[in-house]
Amino acid sequence: MDPVTLTTARLLLRPPGAQDTDAVYKAAQDPEIQRWTTIPSPYLPEHAQAFTQRMVPDGWANGTMLDWGLFLAGGEELVGMIGLYMRSLSTAEIGFWGTKEHRGNGYVTEAVATISRWAFAELSVDRVEWRAEVGNTPSRAVAERTGFVIEGVLRSAIIHQGVRRDAWVGALLPSDLGLPSTAPYLPAPASHG
């Protein structure tokens with residue numbers, strides 16, 4: 001799959017490349033990013049280089065991991081990162097983080113909504129899943145503001161720094177955004193108990 005660039009009212013969403021290695025490395029030094037995401041910790045320059053120069057191009061080439069850097073409209077200042085990981089033919093998992101300096105501006109929420117809409121329209125995805133370690137309230141707030149429905153807790157669902165941890169899980173469906181699905185959806189009947 002060819003890499004895709006998207007725009008929002010305030011952002012340029014493009015796959016990070018070699019020119020972004022230093023910005024990715026600097027952003028990933030934030031203890032909050034290392035605490036809540038599965039990036040290596042400590043995060044070394046070679047991790048950033050492997051990500052921007054091998055993992056990102058390979059993921060786009062084989063269509064399994066689609067990563068975008070979130071940049072202010074000029075296209076140079078990194079404000080976050082989003083990955084869309086294909087889990088099955090019609091399901092993708094989304095993960096994201098925002099840079100310390102730009103948190104609280106709604107950039108990640110704006111980008112998650114844009115990428116989810118793109119996945120529904122262009123990839124025929126019918127379910128975008130979000131998972132985060134229980135306690136990662138900023139990530140959950142982004143998911144909820146974007147329209148994800150929190151579905152519960154998955155026990156022992158994330159391995160982070162060698163420890164299995166419980167995870168919140170939520171999903172966004174095309175119908176949540178008023179979009180059609182590729183297959184009919186029959187929700188479970190409301191319980192009467």
Side-chain angles (χ1 to χ4, degrees), residues 1-30 32-33 36-37 39 48 51-52 55-57 59-60 63 65-87 90-132 136-150 168-182:
M1 164 181 269
D2 290 330
V4 171
T5 296
L6 301 168
T7 57
T8 71
R10 302 180 295 165
L11 300 171
L12 175 68
L13 313 176
R14 64 169 172 78
Q19 73 275 21
D20 305 307
T21 301
D22 290 343
V24 169
Y25 170 74
K26 180 182 175 207
Q29 298 311 300
D30 177 9
E32 289 298 302
I33 292 173
W36 295 112
T37 71
I39 67 169
F51 176 69
T52 60
M55 292 174 67
V56 171
W60 278 97
M65 292 184 7
L66 313 178
D67 288 294
W68 287 268
L70 286 53
F71 297 89
L72 294 181
E76 299 301 320
E77 188 171 355
L78 181 70
V79 301
M81 194 69 62
I82 292 183
L84 193 64
Y85 310 102
M86 303 310 294
R87 295 293 181 221
S90 63
T91 301
E93 182 177 335
I94 198 163
F96 46 82
W97 52 258
T99 61
K100 183 177 184 176
E101 301 79 18
H102 293 285
R103 287 186 196 128
N105 293 313
Y107 295 136
V108 174
T109 302
E110 189 175 311
V112 168
T114 297
I115 289 170
S116 296
R117 282 184 175 278
W118 176 82
F120 294 141
E122 301 299 323
L123 299 179
S124 299
V125 164
D126 281 333
R127 178 179 168 88
V128 175
E129 290 185 354
W130 158 86
R131 296 174 188 216
N136 188 349
T137 53
S139 181
R140 183 173 175 150
V142 167
E144 289 178 328
R145 280 194 302 270
T146 307
F148 282 74
V149 173
I150 307 305
W168 286 319
V169 63
L172 187 67
L173 307 178
S175 58
D176 296 332
L177 302 177
L179 300 171
S181 295
T182 61

Does any part of the side chain of [Y], heavy atoms only, come nearer than 4.5 Å to the side chain of [X], both counted from C-beta?
{"X": "Asp20", "Y": "Leu78", "value": "no"}
{"X": "Pro15", "Y": "Thr5", "value": "yes"}
{"X": "Thr137", "Y": "Trp36", "value": "no"}
{"X": "Phe96", "Y": "Leu84", "value": "no"}
{"X": "Leu13", "Y": "Thr7", "value": "no"}
{"X": "Val108", "Y": "Trp97", "value": "no"}
{"X": "Val128", "Y": "Phe148", "value": "yes"}
{"X": "Ile39", "Y": "Met81", "value": "no"}

Whether over 12 other heavy atoms sit under 6.0 Å from Met55 CE: no
Other residues, nucleotides, ligands: >12 heavy atoms within 6.0 Å of Gln29 CD: yes
Whether Trp60 and Trp68 hold their rings parallel, tilted or perpendicular, with breakpoints at 30° and 60°: perpendicular
Side-chain donor-acceptor contact under 3.5 Å, Trp130 with Ser139: yes
[X] (side chain) donor-acceptor with [Y] (main chain) under 3.5 angstrom:
{"X": "Arg127", "Y": "Thr91", "answer": "no"}
{"X": "Asn105", "Y": "Tyr107", "answer": "no"}
{"X": "Asp176", "Y": "Leu173", "answer": "yes"}

Pairwise distance [atom1]([X]) to [atom2]([Y]) - rounded to 0.5 angstrom:
{"X": "Arg140", "Y": "Ile150", "atom1": "CZ", "atom2": "CD1", "result": "4.5 Å"}
{"X": "Thr99", "Y": "Ile33", "atom1": "OG1", "atom2": "CD1", "result": "7.0 Å"}
{"X": "Ile94", "Y": "Ile82", "atom1": "CD1", "atom2": "CD1", "result": "5.0 Å"}
{"X": "Ile115", "Y": "Leu70", "atom1": "CD1", "atom2": "CG", "result": "6.0 Å"}

For a quick test of reading the model, state the closest non-hydrogen atom pair linking [X] to [Y] and the distance between them.
{"X": "Ala111", "Y": "Leu11", "result": "CB-CD1, 4.2 Å"}
{"X": "Gly59", "Y": "Leu66", "result": "O-CD2, 4.0 Å"}
{"X": "Ser124", "Y": "Thr182", "result": "CB-CG2, 3.5 Å"}
{"X": "Leu172", "Y": "Ser116", "result": "CD2-CB, 3.6 Å"}

side-chain contact (heavy atoms from CB on, under 4.5 Å) between Met86 and Val125, intermediate numbers included: CA-CA 9 Å; Met86 303 310 294; Val125 164; 3.7 Å; yes
Step-by-step side-chain contact (heavy atoms from CB on, under 4.5 Å) determination, His102 to Glu77: CA-CA 10 Å; His102 293 285; Glu77 188 171 355; 2.7 Å; yes
Chi angles and distances behind the side-chain contact (heavy atoms from CB on, under 4.5 Å) call for Arg131, Glu93: CA-CA 8 Å; Arg131 296 174 188 216; Glu93 182 177 335; 3.8 Å; yes
Residue pair Val4, Glu122: steps toward the side-chain contact (heavy atoms from CB on, under 4.5 Å) verdict: CA-CA 11 Å; Val4 171; Glu122 301 299 323; over 6 Å; no
Residue pair Arg10, Glu110: steps toward the salt bridge (Lys or Arg N to Asp or Glu O under 4.0 Å) verdict: CA-CA 9 Å; Arg10 302 180 295 165; Glu110 189 175 311; 2.7 Å; yes
With sequence neighbours excluded, residues passing side chain to side chain contact (heavy atoms under 4.5 Å, CB included) with Ala48: Thr21, Val24, Tyr25, Tyr43
